[in-house]
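Shown next, in structure tokens, is the structure this report addresses.
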Amino acid sequence: MLQQTRVETAIPYYLKFLERFPSAAHLAAASQNDVLALWSGLGYYSRARNLHLAASRIAGAPPGSYEEVLALPGVGPYTAAAIASIALGLPHAAVDGNVIRVISRLTNDASESSSPVARRRFGAEAALLLDPRRPGDFNQAMMELGATVCVPRNPRCRECPVRRSCAAQAAGTQNQLPVKLKKQPAREVPLDLVLLKDAAQRVFLVQRSSSEARLAGFMELPDKRLFPRLRAEKRGEFRHQIVGDRFCVTVWTARTPAKLPPGEWRDMARLHEIPLTTISRKALAAHF
């Protein structure tokens, strides 16, 4: 859950998730829709799908090596190293953004930190520093050092336990490291959603195609383009960003037309039971 997501955002989802699925076996036995519904609002839904698939593989036979962990769906080198070191006690350096920042400053390395060459070099440096006797503790200490002391802006060098070994602190370049390329500006994407409700106060939703690259299978409010002749009233606007796309969302209301696209009427009180896009949740919360 912490991949590309802040700790304070993930915690309530984490607690609900563990309450519902206290073991890999419980998660493996659940339907994908149930998993996605509980994950709804957290974003990056491929993580939930991969976690569900991984649970089905490890419920009977947990992995015992770094290579077996790495082979699980959705697990990359960092996650595999973290699990292997913390859960299995294996000597693999876990290199996340915090660790890259620490290594960059320790070695006074001004390489562009997202480049593959630099990442390999940072990984090699972390592996050299790793304590093979307590790899899990060491990895967590490095992550904590980067998260609490060797922070991105105004690092707390006076409190740092390794300041005497830090080349950047000695050179006075700690505030310039690590070097990062500027992000491309977000792409503006207009989105018009239609909010329809019936006499029972149910809302009409459509399902995204299973072939969609993003949010496949999720339910959402229908796009206004599905109703070319609909006489609708504008109810409000808001913005929502997903990775590099900033959606400029306009919500419209109208009387229910005689002909509807394929979809479902859903009880508002039970929307938590289905995977619903965050944009639709925001639109319903603000305008229903």
Side-chain angles (χ1 to χ4, degrees), residues 1-11 14 43-44 46-47 50 63 65-184 243-244:
M1 287 183 176
L2 294 180
Q3 293 173 354
Q4 304 295 318
T5 303
R6 296 175 63 85
V7 173
E8 56 268 28
T9 300
I11 285 176
Y14 174 75
Y44 299 96
S46 61
R47 297 179 298 176
N50 285 330
S65 69
Y66 170 84
E67 289 74 21
E68 289 177 354
V69 176
L70 186 61
L72 293 173
V75 175
Y78 162 68
T79 303
I83 293 172
S85 63
I86 297 169
L88 305 177
L90 299 175
H92 292 273
V95 183
D96 67 352
N98 286 322
V99 174
I100 285 175
R101 184 165 57 255
V102 171
I103 297 294
S104 172
R105 287 170 174 166
L106 278 174
T107 59
N108 198 25
D109 191 330
S111 302
E112 202 288 303
S113 60
S114 65
S115 74
V117 173
R119 284 186 171 269
R120 285 195 294 270
R121 186 162 60 251
F122 293 139
E125 290 286 349
L128 289 173
L129 292 171
L130 181 73
D131 182 350
R133 297 166 299 177
R134 300 175 64 186
D137 289 343
F138 182 87
N139 280 331
Q140 291 180 83
M142 285 286 281
M143 296 177 205
E144 192 72 2
L145 180 64
T148 62
V149 177
C150 195
V151 291
R153 295 182 181 178
N154 301 316
R156 298 156 62 182
C157 296
R158 291 184 179 181
E159 302 172 31
C160 182
V162 295
R163 64 185 181 278
R164 293 181 180 178
S165 302
C166 181
Q169 201 274 335
T173 57
Q174 64 270 25
N175 285 311
Q176 285 77 54
L177 298 174
V179 175
K180 294 183 179 181
L181 290 178
K182 290 185 178 180
K183 293 183 178 180
Q184 293 293 325
V243 193

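If you read the sequence from its start, that first residue is 1, and numbering goes on from there.
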So the salt bridge (charged side-chain N to carboxylate O under 4.0 Å, His left out) pairs with at least one residue in residues 92-119 (sequence neighbours excluded) are D109-R121
Least distance between heavy atoms, V95 atom then A126 atom
CG2-CB, 3.8 Å
Exercise answer: donor-acceptor pairs, residues 65-72 side-chain atoms, under 3.5 Å, sequence neighbours excluded:
{"residue": "S65", "atom": "OG", "partner": "E68", "partner atom": "N", "Å": "3.1"}
{"residue": "E68", "atom": "OE1", "partner": "G64", "partner atom": "N", "Å": "2.6"}

Contact between F138 and L129 at the side-chain level, heavy atoms closer than 4.5 Å - yes or no?
yes
Taking T79 for the side chain and V75 for the main chain, is one N or O donor matched with an acceptor at less than 3.5 Å?
no
Checking R47 now: which residues fulfil side chain to side chain contact (heavy atoms under 4.5 Å, CB included) with it, not counting sequence neighbours?
Q3, T5, W39, L42, Y44
Apply side chain to side chain contact (heavy atoms under 4.5 Å, CB included) to the pair V102 and V149, showing each step before the final yes or no.
CA-CA 9 Å; V102 171; V149 177; over 6 Å; no
What's the spacing between I100 CD1 and S111 OG if we round to 0.5 Å?
11.5 Å
Would you compute the distance between atom CG of L145 and atom SG of C160 and round it to the nearest 0.5 angstrom?
5.0 Å
Would you tabulate the side-chain donor-acceptor contacts of residues 171-180 under 3.5 Å, counting partners in other chains and residues two or more places apart, or write 'none'?
{"residue": "T173", "atom": "OG1", "partner": "N108", "partner atom": "OD1", "Å": "2.6"}

I need the minimum non-hydrogen distance between R163 and Q169, along with the two atoms involved.
O-OE1, 3.9 Å
For Y78, check ring pair (Phe, Tyr, Trp, His ring centres under 6.0 Å) against everything at least two apart and list the hits.
none
Applying side chain to side chain contact (heavy atoms under 4.5 Å, CB included), run through M142 and L130 and close with a yes or a no.
CA-CA 9 Å; M142 285 286 281; L130 181 73; over 6 Å; no
So, taking the atom named CZ in R134 and the one named CD in Q140, what distance separates them when rounded to the nearest 0.5 Å?
10.5 Å
Side chains of V243 and Q4: closer than 4.5 Å at any heavy-atom pair?
no
Quick check on Q184: does its CD atom have over 12 non-hydrogen neighbours (other residues, nucleotides or ligands) under 6.0 Å away?
no
Scan the side chains in residues 86-94 for donor-acceptor partners under 3.5 Å anywhere in the protein, sequence neighbours excluded, and list what turns up.
none

